[in-house]
Amino acid sequence: MKRAGLLKFGIVLLFFGLFVVTFFFTDFLEIPKSPKPQMKDVRVSINLRMNRRSCTLRPLSPEESDEEDLLLESIAWPDVPAVPPPVSLNATSNAARSHFAIRPRSGGGPWRVGDQLEVTITMYNFQGRPKNRGGDFLLARLHNRTLEAGVAGRVVDHLDGTYSALFPLLWEGNSYVAVTLVHPSEAIPFLHRFASEMPDAVDFYSTFHSGSLTQTTMCSVCLPPSRQPLCNYTDLGTGELWFCYKPQNLSCDTRIRHHSVYQKSPKAEEHVLFKNGFTMKVPIPASGLDHVTVFPKTKGEPAANSVAGIPGPAGYYYKGLWISLSGTTVHQFNTASAMSQCLKDKVVHMYGDSTVRQWFEFLFGELPDLKVYNLHRMKQSGPYVALDYDKNIFVTYRCHGLPLRIVPSPITELHYVANELNGITGGKTTVVIIGVWAHFTTFPIRYYIRRMMSIRKAVVRLLARAPDTKVIIRTANLKHSSTAFLALLGGDWPSLQRDRVLRALFKGVDVHLVDAWEMTVAHYLQHDLHPPRPIIRNMIDVVLSYVCPSKKR
């Protein structure tokens, strides 16, 4: 009897197992089977079933976890309630109805070089009522176009609808104040949610190929949930995660190319918060004079309006040239001969996104003897190698590893920066330049923190074995975000968050910063992901001043 009972139980269990297998197999058949599926069809079919993505992040050690908490706390934005649909502008910050006012000089008298100018900004909403909370994203600049002078202001949020902008007075003559509302506080929750909860701005794909068969599947660390098997491409050297849905008829080892596809802009009801010149990147008018006249500093007279505890700017422009207020003295390398002499006998390795590749392109465009070797690689991803044989100058560029918003590129050329750094011997003739930020603005900030922690570890190891190595870090910069899609894809607010994380992570490490953020805020030219040539030339002057600090003026 017992055997008969066990037999019946086994039969029931067998049929149940067959049912489960059939159910899952049938579910797998819902995935498109086309050898080369259309990107739009893949995205739509997945998003219809589950429009939220699940992000898998690399685990942290207890020490890293504590540091991450401190980093997140340091970049925390004032808490602003999300605007429920339908989005209304009634309570939203309105730049046109807001204003700024220049505060008088303490002690009276004329403004002088060395004083600190303070500007009070008062925000109003579209109903004409004063705001009673903070959280607006504001930029402030003091400038004189005739002198080609400019400096970024430090904006202080008083969390009650008013702000202060602080500027050092650094040149004689007129100094004009410009204040811009980049985003109203009400737009920030959308920006935060877009990358943190639903990083759907860009889809990443890999192409798999073997023999006559080619298939394409979606990849990321943030994938829509699915029962489809995954290929795990976790990097053994860095621990960086990356996954692809496994192609149905090919193995994970047949992956050959990576590319990306941009998705559509956010929901229509959110567009009103990201209208260029209306709710986004709008100048705030002055309630009185918008400028002050600055006179030479009087010997022995103390500076006026000094505010303790507020860090000053990294530098400023005067007559079109960047003058550093922290770090090394910036020299001008105005000729190909001067640049070549500085780089003589140097090996320069550049790693990062296209904003670093822009520096590589500037150098080989300026130095006629620096010849780029044709490796027959993609323009976007590279890698590039350039050589000046007579002066013994060797320059390389390689894009950072995944994620990359890029045209189809070979997987074999997508190397993680930390792994590359681990292969550098280093020394006094070696210069390493790193710029990693722009491709991470559509991912959760925790993902970017992990990537930069990995790179920092490799930098520390490099400096431990070769302390004379020059390591130069390029910060993030402002962009030209003229549409809602561009603002969410990686506009100025997510760039600012990553810029702050980058600075905090490398604080105390023996590296040199090129402050691309302030160099774009302070300049009169239009903001762009790839800054215009006059700004790039000044950035290269900063880089070469780190490499050759003893150059005579």
Side-chain angles (χ1 to χ4, degrees), residues 95 100 137-155 165 167-168 170-171 173-183 276-277 280-286 290-291 313-325 330-334 339 352-363 365-366 435 437-438 441 474-483 486-487 489-496 498-499 513-545:
F100 71 83
F137 180 14
L138 302 172
L139 288 178
R141 181 168 68 97
L142 193 68
H143 64 102
N144 183 316
R145 181 65 182 273
T146 303
L147 294 173
E148 291 188 83
V151 65
R154 287 293 190 267
V155 177
F167 309 90
L170 299 164
W171 59 83
N174 290 334
S175 292
Y176 294 85
V177 176
V179 180
T180 302
L181 174 64
V182 182
H183 290 298
N276 194 45
M280 182 174 71
K281 291 202 170 184
V282 194
I284 294 176
D290 65 349
H291 69 280
Y316 66 102
Y317 290 104
Y318 186 70
K319 295 184 178 180
L321 301 177
W322 181 254
I323 300 172
S324 177
L325 294 174
V330 179
H331 306 295
Q332 279 70 58
F333 296 80
N334 296 321
M339 287 188 277
D353 52 43
S354 58
T355 64
V356 171
R357 189 186 72 224
Q358 192 178 14
W359 290 2
F360 181 91
E361 293 167 344
F362 180 91
L363 284 178
E366 288 290 309
W437 62 279
T441 51
R474 186 199 191 282
T475 74
N477 59 257
L478 293 153
K479 300 180 180 180
H480 177 58
S481 303
S482 57
T483 66
L486 290 176
L489 178 65
D492 292 337
W493 187 80
S495 298
L496 173 65
R498 281 138 193 85
D499 182 81
L513 289 185
V514 176
D515 201 320
W517 185 267
E518 285 201 17
M519 294 181 79
T520 50
V521 173
H523 208 278
Y524 65 86
L525 288 174
Q526 187 177 33
H527 301 154
D528 197 323
L529 168 62
H530 303 107
R533 188 174 180 82
I535 298 177
I536 294 300
R537 175 169 284 280
N538 276 287
M539 289 178 174
I540 295 298
D541 280 342
V542 174
V543 170
L544 296 180
S545 296

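Numbers here are sequence positions counted from 1. Owing to the predicted nature of the structure, the values given are computational and were not obtained by experimental measurement.
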Run the numbers on Leu325 and Leu170 for side-chain contact (heavy atoms from CB on, under 4.5 Å), then give the verdict.
CA-CA 11 Å; Leu325 294 174; Leu170 299 164; 4.2 Å; yes
[Y] and [X], any side-chain heavy atoms less than 4.5 Å apart:
X	Y	value
Thr441	Lys479	yes
Pro313	Phe167	no
Val179	Val177	yes
Val282	Thr180	no
Met539	Val543	no
Trp493	Val182	no

Any donor-acceptor pair under 3.5 Å from Asn144 side chain to Asn174 backbone:
yes
Residue pairs meeting salt bridge (charged side-chain N to carboxylate O under 4.0 Å, His left out), one or both in residues 144-153, sequence neighbours left out, come to none
What's the separation between atom [atom1] in [X] and atom [atom2] in [Y], rounded to the nearest 0.5 Å?
X	Y	atom1	atom2	answer
His331	Asp541	NE2	CG	10.0 Å
Ser324	Tyr316	OG	OH	10.0 Å
Ile540	Gln358	CD1	CD	9.0 Å

Give me the atom names and distance for the closest heavy-atom approach of [X] to [Y].
X	Y	result
Thr475	Leu513	CG2-CD2, 4.3 Å
Pro285	Ala95	CD-O, 3.3 Å
Ala314	Glu518	N-OE1, 2.8 Å

Residues two or more places apart in sequence or in another chain: which of them pass ring-ring contact (aromatic ring centres under 6.0 Å, His included) with [X]?
X	result
Tyr318	none
Phe360	Phe364, Tyr384
Trp322	Tyr317

Partner residues of [X] under the side chain to side chain donor-acceptor pair (under 3.5 Å) criterion, sequence neighbours left out:
X	value
Trp171	Ser175
Asp353	Thr355
Arg474	Asn477

For residues 526-533, tabulate all N or O donor-acceptor pairs below 3.5 Å that involve a side-chain atom, not counting sequence neighbours.
unit_1	atom_1	unit_2	atom_2	d
Gln526	NE2	His480	ND1	3.2
His527	NE2	Thr520	O	3.4
Asp528	OD1	His530	N	3.1
His530	NE2	Ser354	OG	2.6
Arg533	NH2	Glu366	OE2	2.0

Who passes side chain to side chain contact (heavy atoms under 4.5 Å, CB included) against [X], sequence neighbours left out?
X	value
Val521	Leu139, Ala152, Leu478, Trp517
His143	Arg141, Tyr176, Ala178
Ala286	Phe100, Asp290

Pairing residues for Asp499 by the salt bridge (charged side-chain N to carboxylate O under 4.0 Å, His left out) criterion, not counting sequence neighbours:
Arg503
Please evaluate residues Val330 and Ile323 with respect to the criterion side-chain contact (heavy atoms from CB on, under 4.5 Å), reporting the C-alpha separation (whole Å), side-chain torsions for both, the decisive distance (0.1 Å), and the verdict.
CA-CA 6 Å; Val330 179; Ile323 300 172; over 6 Å; no
